[in-house]
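The structure appears below as structure tokens.
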Amino acid sequence: MALPYDPQKIEPHWQEFWETERCARVDTAEAKDLYMLMMFPYPSGDLHVGHGRNYILGDCLFRMFLMQGRRVLNPMGWDAFGLPAENAAIKRGSHPREWTVANIERMKRQFRVWGILYDWDKEIASCEPEYYRWNQWLFKRMLERGLAYRGKAPVNWCSSCHTVLANEQVVAGGCERCGTVVVQRDLEQWFLRITSYADRLLDGLDRLEHWPEKVKIMQRNWIGRSEGAEFTMEIEGRADLGGFGVFTTRPDTAFGMTFAVLSPEHPLVGAITTPERRPEVEAFVERVRRATEVERLSTEGPIEKRGVFTGSHAVNPFNGRSVPVYLADYVLMSYGTGAIMAVPGQDQRDWEFAKAQGLPIVRTVQPPEGWKGEAYEGDGPAIHSEWLDGLHQAEAIRRAIDWLEEKGIGRRKVNYRLRDWLISRQRYWGTPIPVVTCERHGTVAVPDEQLPVLLPADVQFTGAEGNPLERSVTFVAARCPTCGGPARRETDTMDTFMDSSWYFLRFVNPHVHDRMFDAERVARWLPVDLYIGGIEHAILHLLYARFITKVLHDFGLVPADEPFQVLFNQGMITARSASSGKLEKMSKSKGNVVAPDSLIARYGADTERVYTLFMGPPEKEAEWTDEGVAGAHRFLQRVWGLQDLVAEAGDRTGDAAAERELLVATHRAVKRVQDDLGRYQPNTAIAAMMTLSNAIHEHGPRSSAQRVRQTYETLLRLLHPIAPHVTEELWRTLGHGTSLLKAGWPSYDPSLLASQRVTLAVQVNGKLRTTIESDPGLDADAAAALAREAAGRWLEGKDIVKVIHVPDRLVSFVVRG
RNA sequence: GCCGGAGUGGCGGAACGGUAGACGCGGGGGACUUAAAAUCCCCUGGAGUGCAAACUCCGUGAGGGUUCAAGUCCCUCCUCCGGCACCA
């Protein structure tokens with residue numbers, strides 16, 4: 001009898017072994033084979049079993065690739081800048097770096113205990129100057145090309161704390177800390193011009209065949225391209241103002257315009273408000289200004305169309321009619337021109353506003369017979385539209401735009417929902433924006449040779465208002481690179497999404513110190529072949545990374561135009577919350593966290609790995625249960641116990657039928673495991689291994705020693721990516737001197753699977769009546785004859801007899817009875 | 001509201017358009033044990049017929065359709081989950 005299965009004893013040994021053998025190391029100077037990557041984590045500290053899911057999945061695939069003899073780049077690093085570190089520093093009176101570094105160590109240890117292999121030679125942390133200096137370098141190149149610029153943007157402002165708040169710090173419209181109502185305030189901020197890449201970001205999605213459709217749709221919606229027309233409307237009696245532009249996707253409905261609406265922030269508001277309307281307009285503008293964006297766009301409560309008349313009128317250029325100009329909070333300054341033509345007959349929002357304000361409604365599209373709705377937004381022949389009457393939507397839009405262009409008052413126009421990327425953060429723990437402001441020369445970029453602009457050390461994290469950087473005298477006081485005179489250093493730092501937008505390029509060869517990345521190797525190793533991470537990054541991170549890749553592509557630094565070939569999003573792990581009893585994402589506050597340490601102490605890391613991968617399809621949410629863990633452990637116990645069967649076999653010769661069963665079971669398992677892991681379905685791959693394990697258990701005792709041993713060894717190879725420690729240990733017990741990682745991946749013989757005895761399933765009129773065992777070589781006619789004969793007792797005349805080969809489902813055909 | 005995705009046993013979940021429910025959990029029965037745990041064996045979608053070997057019918061959210069054949073494809077609807085949310 002073998003020793004009992006004791007993960008505590010074997011796991012640390014193998015972790016040590018893989019590390020000293022440097023099993024994950026790859027030399028990227030060599031030709032590319034495969035580049036796989038997990039989204040690098042924010043080092044927040046302790047990891048729970050839910051976090052393990054994508055790392056374990058990635059490691060499983062990585063180990064399979066290694067066994068298949070592939071050369072795989074599989075690096076890991078740390079998305080190490082960010083607000084939580086700063087908050088922790090305030091709480092402990094320490095520096096964000098201390099907390100971050102300690103967390104990185106904790107997480108590295110966790111990866112090791114999970115048995116996860118990375119090429120640690122390539123580790124990077126975005127908070128290190130040698131990394132973030134290249135954020136600064138890139139920022140400068142973008143600045144030179146007009147891709148970075150300074151502009152005003154509203155921020156959440158707490159007037160009592162005198163500080164900018166991130167959206168997450170605004171709770172129910174108030175400041176997280178003091179509860180004061182948060183207002184919008186314009187600040188000078190830095191932007192990256194992602195909007196000029198909108199079309200390319202959109203078009204690129206069509207070529208990402210191996211991205212989840214869901215993510216692509218989310219990105220498309222986020223970019224929000226819409227085609228239409230922009231034209232100018234004159235203010236009646238105020239030709240001096242030059243009018244205002246409006247954007248519409250439905251120029252065909254312009255004859256139905258009965259009013260126009262400006263956003264309350266529109267620059268013309270002051271000029272067009274008539275004196276008698278002024279008090280009401282100003283009160284309205286002030287009310288909107290006070291509301292945060294969140295509140296303004298909120299649909300909580302009744303959707304009330306709030307607005308106010310300015311006292312002015314504008315001219316509808318299509319029919320020369322005068323229409324009143326309103327302000328309304330449903331028109332956003334940040335989209336289009338910040339002004340709209342309102343056509344209540346064809347736009348539900350305009351309809352509601354018109355009803356609320358008592359404005360007229362003119363239909364310009366004939367609604368279908370029996371239309372009972374309000375605004376009709378569908379297609380139909382144009383009516384009340386002079387020269388557009390009778391035309392349908394597409395043609396009417398074309399004519400309307402042609403007309404605008406002929407008259408020189410408007411043009412075809414594409415708008416995007418996407419806004420430029422605001423990268424300024426009024427925080428310490430991020431990449432300093434490499435710019436100074438000189439009284440004489442204005443905003444001047446820090447010269448390349450002075451990079452990196454380092455984060456200063458003389459900073460106290462007290463939680464006092466504002467950005468800690470502003471209080472660092474050594475940091476703020478700078479010299480103007482142009483004149484050498486005194487200058488003020490920019491204290492904004494960069495959004496941490498900047499860090500994660502190009503780290504995959506740095507990984508290829510993180511040890512170059514004079515360049516952002518090793519362009520020659522990047523040319524060979526990019527794009528990333530497989531990128532694994534959470535769906536929560538479907539939009540921002542993945543869009544920014546695509547954007548920066550395209551920018552670098554345009555700079556001539558990266559041949560690839562898209563960074564990630566295949567994207568895989570793993571689902572969350574949930575557990576019953578101790579307090580609410582509901583299924584929730586694991587979190588301390590919910591009291592439903594399963595800590596890997598205690599789990600591993602009891603069952604071992606291999607059990608956690610098996611269970612995590614067996615729970616269900618990895619892209620779906622899955623519920624953690626203790627019974628499931630126990631089942632996974634039982635499976636490993638059984639695999640462990642099978643070694644006795646091999647030992648007891650001695651040199652026995654076996655029973656032919658049992659031999660055959662084992663042989664076929666082995667090949668079938670290899671095929672299934674390989675196919676299933678290849679399509680990221682470790683759950684069914686494990687099921688196939690369990691089946692093989694059960695087959696050894698059942699047929700092993702009657703098979704030859706050699707067959708049992710071969711089957712068992714195949715099982716260990718297949719299982720290695722899932723449960724690496726226990727399989728290594730068993731492999732060694734069988735007398736092998738090398739690691740399973742070097743043992744190679746088993747292959748299977750397709751002809752063996754195909755040449756199995758065939759079961760013919762016979763259906764009569766759609767009902768399965770009987771099955772016949774037959775030889776594999778049977779031709780169709782013979783099979784038909786057999787089937788007709790077998791179906792005899794169910795035949796009643798003109799019946800349809802159907803024959804299906806099972807279980808391999810190679811052929812099916814129909815025989816007329 | 002718009003756009004996606006999903007509804008299969010007691011549960012997690014399997015099923016190139018081809019024997020629905022693989023594999024596991026849970027449950028029931030049995031063996032071993034003084035006993036329990038562990039382990040092993042058998043059963044486990046529902047309803048029915050049969051002494052039995054077996055057999056029949058129903059069954060993948062609801063209703064239609066295509067097909068020799070539908071969990072899978074098409075149409076309508078219901079429910080749940082996710083994303084966006086006044087984007088003109």
Side-chain angles (χ1 to χ4, degrees), chain A residues 4 212-222 224-226 228 230 246-250 253 261 263 296-299 303 305-306 328-332 334-343 346-350 352-353 377 415-419 535-536 538-539 571 610-611 614-617 619-632 634-635 637-638 641 672 675-676 681 683-694 697-698 759-771 799-817:
Chain A
E213 206 51 43
K214 178 188 168 110
V215 173
K216 291 195 275 187
I217 288 165
M218 282 164 73
Q219 292 214 352
R220 277 191 198 104
N221 291 341
W222 189 260
R225 181 189 156 100
S226 57
E230 199 173 286
V246 296
F247 173 72
T248 177
T249 55
R250 295 294 304 275
T253 66
V261 187
S263 162
R296 181 166 162 187
L297 301 185
S298 164
T299 52
I303 303 165
K305 294 292 173 193
R306 289 168 304 183
D329 62 357
Y330 77 93
V331 176
L332 309 175
S334 50
Y335 184 78
T337 61
I340 61 162
M341 66 168 199
V343 185
Q346 272 75 234
D347 185 289
Q348 186 60 25
R349 293 158 304 176
D350 295 347
E352 285 163 20
F353 189 81
E377 299 181 354
N415 264 329
Y416 301 91
R417 210 193 74 110
L418 183 69
R419 319 277 170 80
I535 187 72
E536 67 274 18
I539 298 175
V610 169
Y611 180 55
F614 186 59
M615 290 175 86
E619 70 277 10
K620 275 186 63 182
E621 220 172 67
E623 183 192 349
W624 189 272
T625 64
D626 294 340
E627 292 78 14
V629 175
R634 250 192 309 272
F635 167 57
Q637 288 276 17
R638 283 175 68 121
R672 278 205 57 190
D675 290 353
D676 290 354
Q681 273 190 29
N683 52 326
T684 51
I686 292 171
M689 293 183 228
M690 288 171 167
T691 305
L692 181 59
S693 160
N694 292 344
H697 184 81
E698 185 183 346
T759 306
L760 297 180
V762 180
Q763 287 188 4
V764 179
N765 295 332
K767 289 192 172 115
L768 179 78
R769 289 304 181 179
T770 187
T771 57
D799 303 290
I800 290 153
V801 179
K802 183 172 62 168
V803 187
I804 309 154
H805 280 204
V806 286
D808 290 323
R809 297 186 188 123
L810 295 176
V811 185
S812 70
F813 54 93
V814 175
V815 186
R816 309 262 162 199

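Atoms considered below: every heavy atom in the structure, side chains included; atoms not considered: hydrogens, waters and symmetry mates.
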Can you see whether A/Arg638 engages A/Asn694 through a side-chain donor-acceptor pair at a distance of less than 3.5 angstrom?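 Their side chains do contain a donor-acceptor pair, which is all the 3.5 Å distance test asks for.
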Does [X] have any side chain to side chain contact (heavy atoms under 4.5 Å, CB included) partners at least two apart in sequence or in another chain, and if so, which?
X        : value
A/Lys214 : A/Met218, A/Ile535
A/Ala339 : A/Phe244, A/Val246, A/Leu262, A/His266, A/Thr337
A/Asp676 : A/Arg672, A/Arg679, A/Gln681, A/Thr684, A/Ala685

Partner residues of [X] under the salt bridge (Lys or Arg N to Asp or Glu O under 4.0 Å) criterion, sequence neighbours left out:
X        : value
A/Arg225 : A/Asp199, A/Glu227
A/Glu698 : none
A/Asp626 : none

Letter by letter from the 5' end, nucleotides 22-28 of chain B scores (B base, S sugar-phosphate only, - none; protein heavy atoms under 4.0 Å) BBSSS--
Would you say B/C41 has OP1 or OP2 under 4.0 Å from some side-chain N or O of A/His697?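 So the side chain of A/His697 is within the cut-off, an N or O lying under 4.0 Å from OP1 or OP2 of B/C41.
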Output yes when at least one side-chain N/O atom of A/Lys620 is less than 4.0 Å from OP1 or OP2 of B/G13, else no.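 Checking A/Lys620 against B/G13: at least one side-chain N or O falls below 4.0 Å of OP1 or OP2.
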How far does the P atom of B/G61 sit from the matching atom of B/A38, given to the nearest Å?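 My reading of the P atoms in B/G61 and B/A38 gives 36 Å.
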Looking only at the side chain of A/Phe247 (C-beta and beyond, no hydrogens), which of the listed nucleotides B/C40, B/A88, B/C86 gets closest?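 For the A/Phe247 side chain, the nearest candidate turns out to be B/A88.
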Send over the distance from [X] [atom1] to [N] [atom2], rounded to a whole Å.
X        : N     : atom1 : atom2 : result
A/Asn221 : B/C86 : CG    : P     : 13 Å
A/Gln637 : B/A37 : CD    : P     : 17 Å
A/Leu418 : B/C84 : CG    : P     : 14 Å
A/Met615 : B/A14 : CE    : P     : 13 Å
A/Asp350 : B/G1  : CG    : C1'   : 15 Å

Dot-bracket for RNA chain B, please, read 5' to 3', with Watson-Crick or G-U wobble pairs under 3.5 Å on both distances, ( ) within the strand, [ ] crossing, | other strand, . unpaired. (((((((..(((.....[....)))((((((.......))))))(((((....)))))..(((((..]....))))))))))))....
Partner residues of A/Tyr611 under the ring-ring contact (aromatic ring centres under 6.0 Å, His included) criterion, sequence neighbours left out: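 ring-ring contact (aromatic ring centres under 6.0 Å, His included) list for A/Tyr611, sorted by chain: A/Trp624.
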Contact class for A/Gln346 (heavy atom, under 4.0 Å): base, sugar-phosphate, or nothing?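 Nothing: the residue A/Gln346, judged by heavy atoms under 4.0 Å, touches no strand.
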Just checking A/Ile217: base, sugar-phosphate only, or nothing, at a heavy-atom cut-off of under 4.0 Å?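 Contact class for A/Ile217: sugar-phosphate only.
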